[in-house]
Participant: 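Submitted below is the structure of interest, expressed as structure tokens.
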Amino acid sequence: QVQLVESGGGLVQAGGSLRLSCTVSGRTLSSYAMGWFRQAPGKEREFVACVSRNSGYTNYADSVKGRFTISRDNAKNTVYLQMNSLKPEDTAVYYCAASSSTYTFWRAYDYWGQGTQVTVSS
């Protein structure tokens, strides 16, 4: 059974930074492309970023491009999302997810973490 556990969320002021981590167990991380998604109250779950199995390809939502960076360390079975220049509109529950490829559509992902709350105050 593949399990994903996110950590690193919290409360930060606008302009600040946070780094989210997602640790995978049950199977080696290199078996999957990985994505980060987020969901704010009353809104649809939206794509944030994804990374291919060997880190050779990354993709970002326009809303976070230039501010967020996704990376992975397959040896540590961990995926990261470095978030800089945070804005109040980044407030959401952030989820990591595993898939066979670097999709932007959340339904294409097979395994999900429980989510971590990120709150950005103005």
Participant: Please determine if Lys65 and Asp62 form a salt bridge, counting it only when a charged side-chain N lies under 4.0 Å from a carboxylate O.
Facilitator: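 Asp62 and Lys65: salt-bridged.
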Participant: If you measure from CE on Met34 to OG on Ser52, what distance do you get to the nearest 0.5 Å?
Facilitator: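 Between Met34 CE and Ser52 OG, I get 12.0 Å after rounding to 0.5 Å.
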Participant: Does some side-chain heavy atom of Val79 sit less than 4.5 Å from a side-chain heavy atom of Cys96?
Facilitator: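 No, their side chains stay 4.5 Å or more apart.
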Participant: Please report the shortest heavy-atom distance between Ile70 and Tyr60, naming the atom on each side.
Facilitator: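 Taking Ile70 first and Tyr60 second, the nearest heavy atoms are N-OH, 2.9 Å.
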Participant: Sort and list the pairs that fulfil disulfide bond (SG atoms under 2.5 Å apart) and have at least one residue in residues 39-80, not counting sequence neighbours.
Facilitator: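 For residues 39-80, and leaving out neighbouring residues, there are no disulfide bond (SG atoms under 2.5 Å apart) pairs at all.
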Participant: Sequence neighbours left out, what passes salt bridge (charged side-chain N to carboxylate O under 4.0 Å, His left out) with Arg72? Give chain and number order.
Facilitator: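 With neighbours one apart ignored, the set is empty.
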Participant: Carefully, step by step, assess Arg53 and Ser30 under the rule side chain to side chain contact (heavy atoms under 4.5 Å, CB included).
Facilitator: CA-CA 5 Å; Arg53 300 181 190 192; Ser30 58; 5.6 Å; no
Participant: Counting distance only, does the side-chain N/O of Asn77 pair as donor-acceptor with the main-chain N or O of Leu29 below 3.5 Å?
Facilitator: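 A pair under 3.5 Å: yes.
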Participant: Can you give me every donor-acceptor pair (side chain of residues 14-26, partner residue at least two apart or in another chain, under 3.5 Å) with its distance?
Facilitator:
{"from": "Ser17", "atom 1": "OG", "to": "Asn84", "atom 2": "OD1", "distance (Å)": "2.9"}

Participant: Measure the spacing between OG of Ser122 and NZ of Lys87 and express it to the nearest 0.5 Å.
Facilitator: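 Reported value, rounded in 0.5 Å steps: 14.0 Å.
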Participant: Using the salt bridge (charged side-chain N to carboxylate O under 4.0 Å, His left out) criterion, which residues pair with Glu46? Sequence neighbours excluded.
Facilitator: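 Arg38.
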Participant: If Ile, Leu, Val, Met, Phe, Trp and Tyr residues are connected whenever their side-chain heavy atoms lie under 4.5 Å apart, and connections chain through other members, are Leu81 and Val118 in the same group?
Facilitator: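 Yes, because Leu81 and Val118 connect within a single hydrophobic cluster, where side-chain heavy atoms sit under 4.5 Å apart.
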Participant: State, yes or no, whether a side-chain contact exists between Glu6 and Gln114 at a heavy-atom distance under 4.5 Å.
Facilitator: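 SC-SC contact between Glu6 and Gln114 confirmed.
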Participant: What pairs of residues pass the disulfide bond (SG atoms under 2.5 Å apart) test when at least one of them lies in residues 54-88, not counting sequence neighbours?
Facilitator: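 Checked against disulfide bond (SG atoms under 2.5 Å apart) - neighbours excluded - no pair reaches residues 54-88.
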Participant: If you measure from CG on Leu11 to OG1 on Thr119, what distance do you get to the nearest 0.5 Å?
Facilitator: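 Answer for the CG-OG1 pair, Leu11 versus Thr119, is 6.0 Å.
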Participant: Any idea which heavy atoms bring Asp110 and Ser100 closest together, and the distance?
Facilitator: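 In terms of heavy atoms, the two residues are closest at OD2-N, 4.2 Å.
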Participant: At their closest point, which heavy atom of Val120 faces which heavy atom of Thr91, and how far apart are they?
Facilitator: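 Heavy atoms only, the tightest pair is N-OG1, 2.9 Å.
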Participant: Backbone N or O of Val2 within a donor-acceptor pair of the Arg27 side chain at under 3.5 Å?
Facilitator: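 Flag not set: sc Arg27 to bb Val2 has no pair under 3.5 Å.
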Participant: Evaluate the side-chain proximity of Tyr94 to Met83: yes if any heavy-atom separation is below 4.5 Å, no if none is.
Facilitator: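 Of all side-chain heavy-atom pairs linking Tyr94 with Met83, at least one is under 4.5 Å.
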Participant: According to a hydrophobic-cluster definition based on side-chain heavy atoms being under 4.5 Å apart (Ile, Leu, Val, Met, Phe, Trp, Tyr only), do Tyr32 and Tyr80 belong together?
Facilitator: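 No; tracing contacts between hydrophobic side chains, which count when under 4.5 Å, never links both residues.
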Participant: Which Ile, Leu, Val, Met, Phe, Trp or Tyr residues join Phe105 in one cluster when any pair of side-chain heavy atoms under 4.5 Å counts as a link?
Facilitator: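 Same cluster as Phe105: Phe37, Phe47, Val93, Tyr95, Tyr103, Trp106, Tyr109, Trp112.
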